[in-house]
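Accompanying notes for the structure given below.
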Amino acid sequence: MTIENGENLNELLKIRREKLAKLIAEDKDPFKITKFKVTHLAKYIEDNFEQMENQTVSLAGRVMSKRGQGKVSFYDLQDSSGRIQMFLKKDTLGDEVYEDVKTLDIGDILGITGEVFKTKMGQTSIRVENISILSKSLQILPEKFHGLKDPDLRYRQRYVDLIVNPSVKEVFITRSRIIKTIREFLDNKGFLEVETPVLGNIAGGATAKPFVTHHNALDIPMFMRIALELPLKQLIVGGFDKVYEISRVFRNEGMDSTHNPEFTMLETYEAYADYEAVMDMVEELFIYVASKITGSDTVEFQGHSISFKPPFKRGRMVDLVKEYTGVDFDVIDTVEEAYAAGTKLGLQLEKNLPLGKIIEEAFDTFVEDKLIQPTFVTHHPTDISPLAKKDYSNPKYTERFELFIKGAEYGNAFSELNDPIDQKARFLSQVEQKNSGDEEAHPYDEDFINSLEVGLPPTGGLGIGIDRLVMLLTDQRSIRDVILFPTMKPEK
RNA sequence: GACCCAUUAGCUCAGUUGGCAGAGCACUUGACUUUUAAUCAAGGUGUCCCGCGUUCGAGCCGCGGAUGGGUCACCA
């Protein structure tokens, strides 16, 4: 399809190349043009017709449809704001220019100048007086009525998807607004936006398989980050009291409608705050963003009406498991008992699982799906939360919460573990889990321990998956519909 | 990773029992000086995802593979 060898091109593509060759032969090579002065956008003219009527304007955009082909033609021009009709008349443009107009193709990019008026059918239009071809399109755009539907093509050639499916463009405009609104919220609270390394010698801050790469000059392996967490906490050590980062992280795991190998995380850290303060902030953040973006405190998502009115429901993980299964893991203190209880519930449990993993399995299997409205699940077992501070009133659990909406996790937060002795012990226990086969256990990070020894104040931390939040607020079912260029296998 | 479904013209899709490959849009030529998925007339459009097999004959049947989508498992 993109092969340049003329012999291999189909008729439609040959014709376009011939048209370009003709333009070049007539010294009208569009690719020699470097700029065009745009004075107005299509949508602005449409929305402000009264004011714009009879004014001369210049617009640039892509030809999207052609009607009429006599001595008068109506072509639609699509710019970044929308579409407007061009009124092209032989008398106005002259014979030679009008001949060129007739050979324009859908997809060509034009710069036009003319007067704003309404046709007798009431259609806002530009009476074109000057026209230049700014780029010749050598490919054929999809059909005007059905658009581009094939998901494979839509994702691989997102640029075409964006041209022909206006609702797709809307989603990505909303995505940008959501991120901007989050920044606004955090900036107003005095948070500092920072950037930390994507490449590192250790991939920590979460339990996931990293992408491995190689630094040639140093001749060492390097890892793409799987979380933002550890360097951000080190910045709190360094004396920034409120920091956040919104950036890409990478996890070398499966892909499906809610997982892309690279995705965007927000993490915030606030000194002298605990997980309950973070919980309050999350409630505030969600209603702030939802109402700014949708104008409402309730959104429709995949057939559910989700309300962001605070307070969100709150429940300890073990209490929720008890509510949905009848099994009270709170009174179970040995792995053996927990294993027996989990197996009795029908869980397929591997051997050597820590107690907390069994509780988490029970939660994932029996509770997660049931949490439709925003719910804070709190007090995760300590052995599955290697970076969270213990709840000192009951050290089996941590001062942690995850936010669930419609059965999916939207946020993860805790009172950060700032005791270097405890952190060291947790890392060692993770190393033990790694040695007994858990590939995703957290690696030992000596530099991070050192920073805790220097002294991390009590700190509340938060992570939110931005892509999923965008899905929620734009009612998209697949993460691929909120990522411009989702990860794809090579075509061949 | 397992299972199910899809893949036919640039795009959206039909394709009967295995017997010459189809439509609409788009495109080409012509007509048309206010059209709205413009209209009218004529015309061209193909690695039927790839490979192997069965058959006189495969878009269609069988086996293997690719890509995508869905469900499940795992992960955010």
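Computed from a predicted structure; not experimentally measured. Naming convention: chains lettered A, B, ... in sequence-line order (proteins, then strands); numbering from 1 in each chain. Below, each value reflects all heavy atoms present in this structure, side chains not excepted, and no hydrogens, waters or symmetry copies.
If you check rG53(B) for Watson-Crick or wobble pairing at under 3.5 angstrom, you find it paired to rC61(B). Pair assignment for rU28(B): rA42(B), on the basis of Watson-Crick or G-U wobble contacts that are both within less than 3.5 Å. In this entry rU47(B) has no Watson-Crick or G-U wobble partner, no candidate having both defining distances under 3.5 Å. For rU12(B), the paired nucleotide is rA23(B), the pair qualifying as Watson-Crick or G-U wobble because both relevant distances are below 3.5 Å.
Residue Asp91(A) is classed as a base contact, given a heavy-atom separation below 4.0 Å to a base. In this structure, Ser73(A) reaches neither bases nor backbone, as no heavy-atom distance under 4.0 Å exists between it and the strands shown. Among the atoms of the strands shown, only primed sugar atoms or phosphate atoms (P, OP1, OP2) are found under 4.0 Å from some heavy atom of Gly147(A). Backbone-only contact: Lys66(A) has heavy atoms under 4.0 Å from sugar-phosphate atoms and none from a base. Counting any heavy atom pair closer than 4.0 Å across all strands shown, Tyr410(A) reaches no nucleic acid atom. When heavy atoms are screened at a 4.0 angstrom cut-off, Arg154(A) is found touching no nucleic acid atom at all. Counting any heavy atom pair closer than 4.0 Å across all strands shown, Lys149(A) reaches sugar-phosphate atoms only and no base atom. If you check every strand for non-hydrogen atoms under 4.0 Å, Lys102(A) touches nothing. Within 4.0 Å of Met488(A), counting heavy atoms only, lie sugar-phosphate atoms of the nucleic acid but no base atom. Note on Gln85(A): a base of the nucleic acid sits closer than 4.0 angstrom, heavy atoms only. Heavy atoms of Leu12(A) sit under 4.0 angstrom from at least one base atom. Contacts of Asn260(A) with the nucleic acid, taken as non-hydrogen atoms under 4.0 Å apart, include base atoms. At a threshold of 4.0 angstrom between heavy atoms, the contacts of Gln123(A) include nucleobase atoms, whether or not backbone atoms are also involved.
As rounded to the nearest Å, rU55(B) and rU16(B) have P atoms that lie 23 Å from one another. Rounded to a whole angstrom, the distance from the C1' atom of rU7(B) to that of rG15(B) is 15 Å. A gap of 46 Å separates the C1' atoms of rC61(B) and rA38(B), to the nearest Å. As rounded to the nearest Å, rU67(B) and rC25(B) have P atoms that lie 36 Å from one another. Only the C1' atoms considered, rG57(B) is 7 Å distant from rG19(B), to the nearest whole Å. Only the P atoms considered, rG59(B) is 10 Å distant from rC49(B), to the nearest whole Å. For the C1' atom pair drawn from rA58(B) and rC20(B), the interatomic distance equals 14 Å after rounding to whole Å. rU8(B) and rA14(B): their P atoms are spaced 10 Å apart (whole Å).
Of the candidates Phe376(A), Phe312(A), Tyr410(A), Phe363(A), Phe363(A) is the only one forming a ring-ring contact (aromatic ring centres under 6.0 Å, His included) with Phe404(A).
In this model, no side-chain donor or acceptor of Glu143(A) finds a partner on the base of rG10(B) within 3.5 Å. In this model, no side-chain donor or acceptor of Asn10(A) finds a partner on the base of rU45(B) within 3.5 Å.
Distance from the side chain of Arg67(A) is smallest for rU36(B) among the nucleotides rC74(B), rU36(B), rA37(B). Checked against rA73(B), rU36(B), rG10(B), the side chain of Thr119(A) finds its nearest nucleotide in rU36(B).
Within the model, atoms CD1 of Ile112(A) and CD1 of Ile131(A) stand 7.0 Å from one another, a figure rounded to the nearest 0.5 Å. In this structure, the separation between CG on Leu473(A) and CD1 on Ile293(A) is 7.0 Å, given to the nearest 0.5 Å.
For the pair Arg127(A) and Phe117(A), the cation-pi test (distance below 6.0 Å, angle within 45°) is passed. Under the 6.0 Å distance and 45° angle rule, Arg67(A) does not count as a cation-pi partner of Tyr75(A). At least one test fails for Lys71(A) against the ring of Tyr98(A): distance under 6.0 Å to the centre or angle within 45° of the axis.
Asp105(A) places its CG atom 17 Å from the P atom of rC11(B), with the value rounded to the nearest Å.
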